[in-house]
Amino acid sequence: MPDFARFYQDLLLSEGAFFLENSLDALLDTPIPQDKQLEIFKVFTSKALHLFKKGEVLGIKYLYLGLLIPDMIALDMDFERYFSLAQQAMQASNNPIETRMFFELACIAKLMSGAKLEALHFLTEQLCLQDSAFLCHYNALIIDLFTRLKVPFSTPKCVLDKLLNPAYFLAHNHKTQRNILNAQLHLLWNVPHFFASKEWLGLYGTYKVLFMALLEANALDHALFLQFLIYHVCGNAFSDEAQWEDFNTHITLIASKHYPRLFQQYLASHAKSYPYCLDRSTPIVIGILRDRLVENSPFKVECSLMAMLTKHPAFSARFKIKVFSMDYDEKSPNDPQAIALLQIWASGLALRAGLSSSPSQQAMPSIKAT
């Protein structure tokens, strides 16, 4: 582990983007005395500003400088100006690579200005609003960053309270709405100190309001996904029967009254017609739709039932069993052992992968395939 004196000397002597980044990498492994942290931060930002003025662009790794400062220090207006320029360029860009470059510049400029908390808010908001490829590109780095900086849950919650407000959420297009939901499971849920945290319950009221707005707006896809998200992130934090009763009363039962109508509307425009009476020579397909395949106790019971049924001649002569997995990347991948078991006992298996596909769009090919 580098000692502080050597680290400090190398930092002072570093010239150019390459050597400054070497010092940044060393920072993560060097214990910095509390009374030296602001000084080190100022050395980094002074050298970064010199590089900016020469037209150099620094990467998002410089957000690790947040280790050296509290949420807010005296603003450096030079970096505020670079933030404004980068933010405007990001909004105007139609090129994914340019968008990422300006995004990174905006994030680090805001942090180097001394507004650490604002930088984290901007970072979180943009990760929610951009597409899934953008989110996945930064996923591992952001999880590590939030872990090292010990970012409190109140930081993303502040952003999510804004993004999940029905008026704000419904004003965005379908793809952006889905990414706002995806980011919570694919990114924030995987930050170790956010995982299964009871602090997710602070969003329960916000989720309920948005859920009702989605049902009233006939937004079947996002209502389905939001119900899944609430069940997952809040359900893992519920600790008594009253909380589950509230979920069943204000989410599950209300949803059950709306879903038949919404799904009929969806079928009318997306599904083809099927005869109600099939000829006896036509096998009847029993379709089982799952969000993912995992070898837990309910799955094993289901597998045993399928094994028993498919061995019965009268059943196998008249019926086929097909299992469809929507393969939700947001939660966890399909279990290969579960797939292997199903390939033995089920007549067919279809996997529908997708981070940003809609639940109904993933389910409909399964219905058509039967």
Side-chain angles (χ1 to χ4, degrees), residues 181-182 184-186 189-190 192 194-198 200-201 221 223-241 243-249 251-253 255-256 259-260 263 278 282-370:
L181 300 177
N182 274 332
Q184 295 171 68
L185 281 176
H186 196 65
W189 180 256
N190 290 314
F194 295 167
F195 182 81
S197 168
K198 289 190 178 296
W200 285 95
L201 293 178
D221 285 338
L224 286 166
F225 190 82
L226 182 57
Q227 182 176 358
F228 161 72
L229 187 150
I230 299 169
Y231 175 83
H232 186 60
V233 302
C234 294
N236 272 286
F238 288 160
S239 57
D240 58 54
E241 291 183 7
Q243 290 171 315
W244 281 112
E245 183 178 356
D246 186 271
F247 175 83
N248 289 330
T249 301
I251 303 294
T252 305
L253 290 179
S256 68
Y259 285 160
F263 196 60
L278 296 174
T282 304
I284 295 173
V285 176
I286 300 172
I288 301 172
L289 184 65
R290 292 286 178 263
D291 59 345
R292 60 179 181 142
L293 301 174
V294 57
E295 198 179 5
N296 54 21
S297 297
F299 173 83
K300 291 177 181 178
V301 171
E302 195 170 56
C303 248
S304 297
L305 176 62
M306 284 191 286
M308 180 185 70
L309 290 172
T310 52
K311 287 179 180 178
H312 198 289
F315 179 91
S316 58
R318 189 74 182 101
F319 300 96
K320 288 184 177 180
I321 299 175
K322 290 191 176 183
V323 179
F324 302 90
S325 170
M326 292 192 286
D327 195 17
Y328 275 147
D329 291 340
E330 297 97 326
K331 200 168 184 184
S332 66
N334 284 319
D335 185 338
Q337 291 182 318
I339 293 175
L341 280 174
L342 283 174
Q343 287 172 333
I344 295 172
W345 299 116
S347 305
L349 176 64
L351 305 179
R352 309 286 178 194
L355 177 63
S356 58
S357 302
S358 72
S360 53
Q361 288 174 344
Q362 287 178 313
M364 284 307 302
S366 306
I367 295 172
K368 292 179 181 179
T370 62

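Values below: every heavy atom of this structure, side chains too, minus hydrogens, waters and symmetry copies. Quick caveat: nothing in here was measured; it's all calculated off a predicted structure.
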Can you find a pair of side-chain heavy atoms, one from N236 and one from W200, that are under 4.5 Å apart?
no
Using a 3.5 Å distance criterion without hydrogens, assess whether the side chain of D240 forms a donor-acceptor pair with backbone atoms of Q243.
yes
What about the rings of F315 and F319, do their centers lie closer together than 6.0 Å?
yes
Is there side-chain contact between I288 and M306, with heavy atoms separated by less than 4.5 Å?
yes
Check for a donor-acceptor pair, side chain of K198 on one end and backbone N or O of A237 on the other, with a separation under 3.5 Å.
yes
Between W189 and F194, ring centroids under 6.0 Å:
no
Could you tell me if the side chain of F238 sits less than 4.5 Å from the side chain of L201, heavy atoms only?
yes
Y231 and F228 aromatic centres sub-6.0 Å
no
Between the side chain of D335 and the main-chain N/O of L293, is any donor-acceptor distance below 3.5 Å?
no
Considering only heavy atoms from C-beta outward, does the side chain of Q227 approach that of H232 to under 4.5 Å?
no
Within a strict 4.5 Å, meaning less than it, do heavy atoms of the V233 and Q184 side chains meet?
no
Donor-acceptor pair, side chain of S256 and main chain of L253, under 3.5 angstrom
yes
In Å, rounded to the nearest 0.5 Å, how long is the span from CG of L309 to CD1 of I286?
7.0 Å
